[in-house]
Amino acid sequence: MRIKRLSYENKRTGWKLEPMEFGDFNLLVGVSGVGKSKILEAIKDLYWVAFHVGIGRIWEFDFSIDNIDYHWSRFGIEREELISNGFAFERELAKVKIDGNLLPVDHNSDISLLQLFSSDKRIKPIFDGVRKIKFLSVPESITSEKFEPDKIELIVKDYTSLETVQNSGYSIHTKLVIAGLNLPNVFQQVKEAYIAIFPQVQDLRIVRWGLFSELSNDLATFEIQLKESGIDTWIDQVDISTGMLKTLLLIGAMYLSSPGSVILIDEFENSLGVNCIDIFDRIDYENRGLQFIITSHHPYIINSIPFEYWKIVTRKGNVVTVRNANEFERLTKKSLHDNFSRLLEIEEFVGGIA
Amino acid sequence: MGELPEVNIYFLVEGVATEPKIYRAWLAHLLPKLQEVAGFDEVEADNYFMTSVGGRWPYVAKQITASLNEVKQCGKYDYLVICIDAEEWRVNELIKEIESHLNVADGQPILPVATRLKIIIQNRCIETWLLGNCQMYPAQAKNQTLKNYLNDYNASQLDPERMGKGDCTTHAKFHKKYLRLLFYEQRIRHEETQRNQVATLTYLQQLQARVVTKPIHLSTFQTFLGFCQNLS
């Protein structure tokens, strides 16, 4: 899944996002309150509506999966369209047409077309694709595509290759555990990337707490421990700082997300310290088919990301507009000033909310 | 009287919202022959380039260096003008600080030979200059705090640049508060509206009138006026 273009309107609140385009890597910048997080919320909402009920949302969503372009639009419960090169699903209230042919039976207009026809082989890739939208947060939420396994021992033998782990549908934490148990080479790469950011860390390992028994109700849990130089004992997961955990999850996401995943991170600097921004240079995410959409206010973060990747967010009343940096003449000019200073010179950025 | 030589000026202005707006508007009247360009390397003749920086001295030192490098790289600037708040600094001391920052490199001046440095200190901040407009002052203040301020130090009669810090921790905070109260008295609470009012020819003329009637007031503002006058 690669999100290409999105416009969104919430009829209940009146909040509206004018059509905006996305690249492989997107850094949403803008003053506080302008709506950066709301854009991520809108994407989260899409994800939600794909699988649940969605009344009163209006959106137009263009994306591609495996190089096939799709257009999905929804006008509350009144209208919905799901179109690609070879087909068109259209709904008006309870009436559904497939490729222009009206179906004889009424369909529930509260549920999205994606859900109604999820097993149709034309729709299934979209359904699977939308599930690849991941929100990186600690604790993880809406990041696993299926229920977490109660007992990892029962499933761990099914995931012995990188591909199977990536496509398992489990949360990043579970994937890290499985990688730690089954994929020593990949786990080693994760470790190296992690230690490069936190030089005080010497090692990472997976530990099991509790006794395993197929028959008993006791759950064995698997957790991550880390070893820091200067400290004899291993540090338990519960004692690892939020920032260090979140960074590990981010690295895990980069290696273990299934190709075609979209990773959303709100306020990158929250928990992910400034030492983490190098991650994007270190790990070749483009070739892994990953798309990133992140937001930040932090000058260091903003300065670390080339402005070709910026999306500058402004708001007028309830309407949010997003523009590429090169749409501002000033930013296309040569300058020896740092990126963040240059951003401060853009009136639309400084006075972001009109 | 001969034609005045063409000049190119690089303005580095402290403040990202208010000051750039004010300077652009006032320069349009004080130095109308100068056309602004969007890129630092685009000046040709009778052009100016303006960059604004957030923060205050010494935090803007890095940006000043970046601007200096832009001036050097372009090679066509006659002046590098730095407009900066004095805040709690004494005017002469701040000028010395900035000059020495720009002169450090084994004792050799960093500024290109053909470019002259002009440091415009806004003493204590640009709002102090704006307090010089006598038309901003009500005959009878309604707000009690403003009344007290006017009683203690009426900046329409006395030099705003010599005004103390009132009930605030710094001079600049007090001067900004004072100005805000003057605007509130006129029922102008929205900052953008305030900015639009000061960034005008009218406001500039009212300040110019003040320094005509009271030539010993607003000395740093007069430095700015004098600089523009010499070039026009």
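Just so it is clear: chains get the letters A, B, ... in the order the sequence lines come, proteins before strands, and each one is counted from 1.
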Test ring-ring contact (aromatic ring centres under 6.0 Å, His included) on B/Tyr10 and B/Tyr48 and set out the steps.
CA-CA 6 Å; B/Tyr10 188 114; B/Tyr48 79 87; over 10 Å; no

ring-ring contact (aromatic ring centres under 6.0 Å, His included) between A/Phe280 and A/Phe268, intermediate numbers included:
CA-CA 12 Å; A/Phe280 297 108; A/Phe268 188 90; 5.7 Å; yes

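Per-residue heavy-atom pair counts under 4.5 Å with chain A were compared for B/Val53, B/Thr51, B/Val16, and the maximum is reached by B/Thr51. Per-residue counts of heavy-atom pairs under 4.5 Å with chain A were compared for B/Ala17, B/Ser52, B/Gly54; the largest is that of B/Ser52.
Using a 4.5 Å cut-off between heavy atoms, B/Ser67 contacts chain A through both its backbone and its side chain. Proximity to chain A is limited to the side chain of B/Asp41, based on heavy atoms less than 4.5 angstrom apart. Looking at A/Glu345, both its backbone and its side chain come within 4.5 Å of chain B, counting heavy atoms on both sides.
Atom CD of residue B/Gln208 and atom CH2 of residue B/Trp26 lie 9.0 Å apart, to the nearest 0.5 angstrom.
Summarising the local packing, OH of A/Tyr309 is surrounded by 12 or fewer heavy atoms from other residues, nucleotides or ligands at distances under 6.0 Å.
For B/His29, the side chain to side chain contact (heavy atoms under 4.5 Å, CB included) partners two or more places apart in sequence, or in a different chain, are B/Leu201, B/Leu204.
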